[in-house]
Every structure is written in structure tokens, then in C-alpha cells.
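Taking it in order: structure first as C-alpha cells, then the write-up.
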2 protein chains.
Amino acid sequence: MDFYTRTGKMALGSRLRRLSEQMTEQAAAIYDLYQVDLQPKWFPVFYSLSPTEGKSITDIAREIGHTHPSVSQTVRELSTKGYVIEKKGETDGRKNFILLSPAGADVREKMQDQLDDVTSAIEKAMKETHNDLWRAIGEWEFLLEQKSLLRRVQEEQKIRESAQVQIIDYTPAHQSAFRQLNEEWITKYFRMEESDYKALDHPQEYILDKGGHIYIAVYKDEPVGACALIPMDDGGFELAKMAVSPRAQGLGIGYLIGQACIDKARALGARRVYLESNTALKAAISLYHKLGFRKVTGPPSPYERANIQMELML
Amino acid sequence: MDFYTRTGKMALGSRLRRLSEQMTEQAAAIYDLYQVDLQPKWFPVFYSLSPTEGKSITDIAREIGHTHPSVSQTVRELSTKGYVIEKKGETDGRKNFILLSPAGADVREKMQDQLDDVTSAIEKAMKETHNDLWRAIGEWEFLLEQKSLLRRVQEEQKIRESAQVQIIDYTPAHQSAFRQLNEEWITKYFRMEESDYKALDHPQEYILDKGGHIYIAVYKDEPVGACALIPMDDGGFELAKMAVSPRAQGLGIGYLIGQACIDKARALGARRVYLESNTALKAAISLYHKLGFRKVTGPPSPYERANIQMELML
DNA sequence: ATTAATTACGTAAGTGCTTACGTAAATGTA
DNA sequence: TACATTTACGTAAGCACTTACGTAATTAAT
């Protein structure tokens, strides 16, 4: 008991199982009390049946939320007990329609008191609690249907890891990382061009000295992303050489480093940030949209691979 | 889903199990996400261990609320994985002390992020609910520890069945039942005496005609209890011939029919109800106590079997 | 100092479900 | 009209536990 408070919410599943086990364990004793010759595990199937209307195995399974083999098994057991009658489907020879036999209907009748007593026992116990277990389960069922626990945990993971990402100013020590991160995606989709070599091999000369800026994203002491601002003739900046290592995808690094660049451009008094990209890079384009960029048509680009131009007015 | 609302609270156990299954099913995927090479089922045992302090199999089992074979099995699996070290007890050769190996401690370290993320994912989800599942489970654990579900259901059964018990006035048609019910317990513990035959064979003459009264308890259209009020010289009544069929025990019939007699005595203006019994009849004596009777010493009784006298002042 | 009872723990088998898989019937497609 | 696909359902095996049982080691009782 104490253990579960220490492990915390991680043990929610186990704790639920233990509680349910405690309850179903008592169920057997309760059936005895009412001298109903029915195994507790049969209850869902048994209760779903009627003496008049037959139901197929799959129908029952869907209704009670078990698998069909489980229902199939239970039906066989109920059948040897003589509580149900099986009838092959007439129009559909695969189906096996199950209905309550007279003996089964009899047991069902006798069970009514038990059902009533159990219901009121539980309802009375529930009144002693402040937190309604029945409703809480319902809410969780809804919650998990909406978004799985896995997805929720993934989101938490992302939040935690994003907090460990730092956006820092470029220093000469980052040159090789800056080149490598960019070369990686350029060669994957396109080919390195003359302007790429200039900017990546000599960022000091071709970017910084011209009044530009470079940011490096660091995650767990390793550079995993980069982005540059290159001054344009109109007083604005071009956002270029945006790169995120595939190993660090999903941490929102693109957004963080892009936003850092935009903030810097604004701080430097620019009115506009411009960029060129390629529509094949779907993730990149959608990131730019998220950052506020909109498609424009401007003067032709020096880059072969550019087939889309975007801008963001500050 | 709909099925569970129809079956009502009876399905509380199943519903809990299904929810817990949904959660533990996701657990495996979550472990994958963090690349922790640990089976979810190992978690409770694994988490209970430390690298310095060894714990015996039974200790672990008690702590996490599983059985010792389950722990034994898990430890063997963790052992072949190299995550734990087993050490025979030095003072007690039966014990098998388990501690985390360096490799195990390593995994434990790596798991911390996962634990944190799962905890905050669940806590965040919980904030979206109105009924706190975690607390609700805690309350139910407490509730069931206090009084088992079986006991609670038994109480409901008793309440429901007691409502079906009716206390009615004696009519001549009840004479044989009146006699049989009393003869049953008298011959079981003692022997029939002269006064018994008189009262049971001729209740009209020996009880009613003298200004006495008889009540019959009827349950499911069958007489299952009886009790008589016989007028005494002092203006009070003697409570006598109280009998409840063993087949109808536990329905509180003794109390109901006793109370009916007391009410009647009061209505007839009596100041005192008196009775004689035997201390061997523990259940009867405690019932009389519950009805308000106290032990007294009075004149000797005509009945051989009487060894205790009680009275209730109205 | 024996003998009996208790405790620790391992192995085997059972439980109430599940997934995996196979077969026959029904349905869709060319 | 033949073929592939889907559906219904049964059987087998697996899963994560449990209970049942047997065997040492320890402790209590005589």
C-alpha cells in the first residue's frame, strides 16, 4: 500500500488492477451467498443474453468489450451447464446465435436479488467516499479515448527535453558543426552549391562581418541546430542555413531557433525577414508558416534549389 | 461501454480491470519510447530494490502486494538480465537477499526521466477530471479494508429480506406452526414440559382468553417466527414462547417480533415485561439485552429449564 | 534433545483473459 | 465465373499473475 504512494502515479495501472482483483475475488463468495450456480466470469456474457432474441458470438463480444474467443469459451461452458441454447444462423451459416435456455432464464430470475443487493451495497459505500470512483473511471475512459497515455507521455517528454535545449550565439568553435548540420540536409535532398561553400566554410567573413548573426542550438552539450540571419539591402534580414540534426528532431528546436532569429532581427530594427526554400521540404515550410512567414514572389534567387520565397513583416 | 451502464455497479470490478488493462497496455509502448530494456511487469519488483540494501523475496512481495512466487519468478528474470544480484542469507540460510547490480542501478538512473514524464502526464490528465481517480482508489481500498464487499452485500441482503418479514396477529390457523416452531428449539436444547404442552396445544385457552397476545412472523408467505405475551398478576406481561425458524435466521426476526410484543404491552398499559430463559441460549439472551431487558431475580419459575430472569420497565 | 510448528522460497499447475492462427462461409471485384 | 478479400468463429498458445504443494532451515514446545 505504502509502496504505491512512493512510486506515485506510475503505479496507477497496477493499483487499479489490485483493486479490481480484490473486488472480483469477493464476487465468487457473493455468488455462493445467493446460491446461484454461476461462475463470476460468466456474468457479462450471461447478462447480455435474453431468452427470446439470439445474439451472435461477435455481437456479444463487442457489447461486453471482450474478445470473441473469450465469449466463445464462456458460451461453451454455459452450454454444457444447459443455461444457453446455440443456433446456427439460417441466412448466414457462419454465425452462432446464442439465447438463454429456460434453465438459464430461471437462474437469471433468481439473480435479480443479488444484483439489487450488490448495487445498493456499492452505492452505499460510494456515499461514504468523497471522490466518485464510478465517475472517475468514466472520465478516464473518455480521457484515454481522446488521447492515449502514450501520446500524453510523449508530450511530457518533449516539454522536458525542450527545456534542455539552449539557443546560444555562434563562436568560431561552432564552425565545423555549423557546416556539418547544414551539409547533412542539403546533400540529402539537393547538392551543395557555390554560395553554400562560402557561407558554411567562412561564416565569419560572409555572414558575421557583414552584420549578420548566427545562432546555435545546444542539446545535452552538443550542437544540434543552427540558423543564420544575413543582412539584406533593404535593411531586413534573410533567414538562411536553418538546420536541425535528425537525432534531435521532435524537440521543437526549429521553432526555438527560428524564433530567436526573428527576435534578433526585430531587436536590430529590421522591418522584414525573408527566406528562400523548396516546397519539397514540407516540414520546413510548415515550420516557417508557424513562425508567421507568408509566401511572396520576389526577385530570382541565386540558389538553384529555391522554388519558394517567404517573408515575415515585423 | 453502454453495457456497463446497463449492468450498473455490479460491473465495477470488470470496469476497473478494463481500465487498468488499457493503461498497462500502453506501458509497454512507453518503455520502448525511453529505450529502457525492462519489461513493465518487472517494474514493481525492480523499483523496490536498491543497490546497497538487500531485501528478501518475501519482504519484496509484501511491499509490492504480490505473492512470493511472482516475485521469485521476476527476480529470476531480472537476474538473467544481470540487473540484480542474489545473496544467500548469512544468519538465515533460507533467505535470498536481492540487490540491484551496477547494471541495474544504471537502468534505474535512465528510468528517472520516464518516471517523471509519466507522473506529470497523469497528473495533467487528472487535472482535466472532476473526480480524482487516485483518491477514489485510496478511499475504496480503505473502505474494503474496513468491511469487505461480501459483508456489505450481506447487510443489504438482510435489509431487503427483513422488509419482507411481516409481523401479524395470531389466528387459529397458526396453531400448528406456533407449536412446531417452539417445539423445534425446546426439544433441541431441553425437553417439553407440562406447561409447554398446555400453551402450545391450546393457545386460545391458555394465552388469548386470559388477555394475552400472540404474534406470528411471516416471511415469503410462511410463518417463521412466533412470540407470546401472557398477562401476569402484577398487571405486566410475560414474554414467552419466542421462536424463530433456523431457516429464517439472520433476518432480524427475533428483534422485530420482540419489539412488536413490547409495543403491544405498552399499548395495553403495562408497566413491565418479564421473561425467563436459559443462559445456554446465548443468542436469545443477547437479543433480550438488545431489546432492553435486564437481569433480575424473582420468584422461582415453573419451568425446569429457566435459570435466568429478565425484565424491561416501560 | 527431540519433535512439532512455522517460515522462506522454489516449482508446477491453474486462471481468465488475451493474441495468433486456421477454416469455412459470405461478399466484393475483375 | 473465378478469384481475392472480408467476416465469423473455433482452437491453441501465451501472459501475468495466482493457488497448491514440496523442501529446507529456523524456532517453539515438550
Side-chain angles (χ1 to χ4, degrees), chain A residues 11 13-29 31 38-46 48 54-80 84 86-98, chain B residues 3 11 13-29 31 38-46 54-80 84 86-98:
Chain A
S14 313
R15 220 174 149 199
L16 275 169
R17 200 174 45 69
R18 266 167 46 88
L19 183 56
S20 100
E21 261 166 22
Q22 268 187 55
M23 286 193 173
T24 45
E25 186 195 303
Q26 306 258 323
Y31 276 84
L38 209 66
Q39 287 186 39
K41 67 166 172 169
W42 294 341
F43 176 75
V45 170
F46 184 81
S48 75
K55 280 181 191 169
S56 76
I57 300 283
T58 328
D59 285 348
I60 300 169
R62 208 184 347 260
E63 188 176 342
I64 68 173
H66 286 186
T67 55
H68 83 263
S70 161
V71 174
S72 179
Q73 175 92 353
T74 303
V75 164
R76 209 175 53 212
E77 290 170 25
L78 285 168
S79 196
T80 56
V84 301
E86 304 182 50
K87 261 214 308 237
K88 267 257 169 285
E90 284 170 15
T91 57
D92 188 337
R94 297 166 303 175
K95 291 196 176 178
N96 185 4
F97 287 99
I98 315 298
Chain B
F3 178 73
S14 312
R15 223 175 145 198
L16 276 169
R17 198 174 44 70
R18 265 166 47 89
L19 183 57
S20 100
E21 261 167 23
Q22 268 188 54
M23 285 191 173
T24 45
E25 187 195 303
Q26 306 258 321
Y31 276 84
L38 209 66
Q39 288 185 39
K41 66 165 172 171
W42 293 341
F43 176 75
V45 170
F46 184 81
K55 281 180 190 170
S56 76
I57 300 282
T58 329
D59 285 348
I60 299 169
R62 206 183 349 259
E63 188 176 342
I64 68 174
H66 287 186
T67 56
H68 83 261
S70 161
V71 174
S72 178
Q73 175 92 351
T74 302
V75 163
R76 209 176 52 209
E77 289 170 24
L78 285 168
S79 196
T80 56
V84 301
E86 305 182 48
K87 265 218 299 243
K88 268 257 169 286
E90 282 170 17
T91 57
D92 186 339
R94 297 166 304 172
K95 292 196 177 180
N96 184 5
F97 287 98
I98 315 298

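A note on names: the letters A, B, ... follow the listed sequences, proteins ahead of strands, and every chain is numbered from 1.
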Any donor-acceptor pair under 3.5 Å from Ser72(A) side chain to His68(A) backbone = no
Going from CD1 on Ile64(B) to CG on Asp59(B), what distance comes out if it is rounded to the nearest 0.5 angstrom?
-> 11.5 Å
What's the CG-C1' distance between Asp59(B) and dA8(C), to the nearest Å?
-> 10 Å
Rounded interatomic separation in angstrom, taking CD1 from Ile57(A) and P from dC17(C) | 15 Å
N/O (side chain, Asn96(B)) to phosphate O (OP1/OP2, dG10(C)) under 4.0 Å | yes
Roughly how many Å is it from CG in Asp92(A) to P in dT27(C), rounded to a whole number?
-> 6 Å
Mind calculating the distance between CD (Glu77(A)) and P (dT11(D)) to the nearest angstrom?
-> 12 Å
Side-chain heavy atoms of Val71(B) within contact of Thr58(B), under 4.5 Å = no
Between dT6(C), dT11(C), dG10(C), which nucleotide has the shortest distance from any of its atoms to the side chain of Arg76(B)?
-> dT11(C)
Taking for Ser72(A) and for Arg94(B) the nucleotide of DNA chain D with the nearest heavy atom, the one nearer the 5' end belongs to Ser72(A)
Whole-Å distance separating the CD atom of Glu86(A) from the C1' atom of dG10(D) = 11 Å
Shortest non-hydrogen pair, Leu78(B) vs Phe46(B), comes out as CD2-CD1, 4.1 Å
For residues Ser20(A) and Gly13(B), report the shortest heavy-atom separation together with the two atoms involved.
-> CB-O, 3.5 Å
Specify the separation, in whole Å, of atom CZ of Arg62(A) and atom C1' of dA8(D).
-> 11 Å
Please examine the side chains of Leu16(B) and Met23(A), heavy atoms only from C-beta on, and report whether any two atoms are closer than 4.5 Å.
-> yes
Using atom NZ of Lys88(A) as one end and atom P of dT23(C) as the other, report the distance to the nearest whole Å.
-> 17 Å
For Asn96(B), the option from Lys88(B), Lys87(B), Glu86(B) that meets side-chain hydrogen bond (donor to acceptor under 3.5 Å, both in side chains) = Glu86(B)
For the pair made of CD1 in Ile60(B) and P in dT7(C), what is the distance, rounded to whole Å?
-> 19 Å
Could you encode protein contacts along nucleotides 15-21 of chain D as a string, one character per nucleotide from 5' to 3', using B for base contact, S for sugar-phosphate-only contact and - for no contact, with a heavy-atom cut-off of under 4.0 Å?
-> -SSBBB-
